[in-house]
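In what follows, a single structure is set out as structure tokens and then discussed.
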Amino acid sequence: MAKGNKDGKTVVESLGNFLREQRLASRLSLRQLAEQVGVSNPYLSQIERGLRRPSAEVLNQIAKALRISAEQLYIQAGIVSPEVHGVTVELAILADTGLTERQKQSLLDVYSSFLALNAGEGHDPSPLHKE
């Protein structure tokens, strides 16, 4: 289920718009970027139009091609929450070279579902919280 943002757009739509803006700012055609990233032209077009949510690996390749921060794309995609205090759980998972892309995505999905469950039940996320 896609989350909405303050503009009423889903995270995937916002990511697609952001990627299109970055691609145009880099003066790359859709075909050129798709070639650099190693994905098909139609797939990249679907990402830009908000029809597909790319994996963390594809986002990483897009970030390299556009010469922007992969973390910035992870935040835009809703994979990572912006944090003030440095490394997040999500970034630690994404940086772990001992995990496959599928394992990383599974861990991120489970972690995200736990956070959503706890937020819905009003749990204090503080590790010092005593039950």
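A 4.5 Å side-chain heavy-atom check between Leu107 and Val89 finds every atom pair outside the cut-off. A 4.5 Å side-chain heavy-atom check between Leu15 and Pro54 finds at least one atom pair inside the cut-off.
Both Leu99 and Leu59 sit in one connected hydrophobic cluster of ILVMFWY residues. Membership requires side-chain heavy atoms under 4.5 Å apart, directly or through other members. Both Tyr74 and Tyr111 belong to a single network of hydrophobic side chains, linked directly or stepwise wherever heavy atoms of I, L, V, M, F, W or Y lie under 4.5 Å apart. No continuous path of hydrophobic side-chain contacts links Ile62 to Leu24 [ILVMFWY only; heavy atoms under 4.5 Å].
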Give the intermediate values and the outcome of side-chain contact (heavy atoms from CB on, under 4.5 Å) for residues Ile47 and Val58.
CA-CA 10 Å; Ile47 292 170; Val58 170; 4.3 Å; yes
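Taking CD1 of Ile68 as the start and CG of Leu19 as the end, the distance is 6.5 Å to the nearest 0.5 Å. With rounding to the nearest 0.5 angstrom, the CD1 atom of Ile93 is 8.5 Å from the CG atom of Asp96. Atoms CG and CG, from Asn41 and Leu30 in turn, are 4.5 Å apart once rounded to the nearest 0.5 Å. The distance from atom CD of Gln61 to atom CG of Leu66, rounded to the nearest 0.5 Å, is 11.5 Å.
Under the 3.5 Å distance criterion, the side-chain polar atoms of Ser112 are left unmatched by any main-chain donor or acceptor of Leu108. With hydrogens and angles ignored, the 3.5 Å screen pairs a side-chain donor or acceptor of Ser26 with a backbone N or O of Gln22.
Atom CD of Gln36 sits in a crowded spot, with more than 12 heavy atoms from other residues, nucleotides or ligands closer than 6.0 Å. Residue Arg49 places its CZ atom among more than 12 non-hydrogen atoms of other residues, nucleotides or ligands, all under 6.0 Å distant.
Residues satisfying the salt bridge (charged side-chain N to carboxylate O under 4.0 Å, His left out) criterion with Glu101, sequence neighbours excluded, are Lys104. Every residue two or more places apart in sequence or in another chain that forms a salt bridge (charged side-chain N to carboxylate O under 4.0 Å, His left out) with Arg20 is listed here: Glu48.
A side-chain N or O of Asp109 and one of Gln105 form a donor-acceptor pair less than 3.5 Å apart.
Leu44 approaches Ala34 most closely through the heavy-atom pair CD2-N, 3.4 Å. The two atoms that bring Arg52 and Tyr43 nearest to each other are NH1-CE1, 3.8 Å, heavy atoms only.
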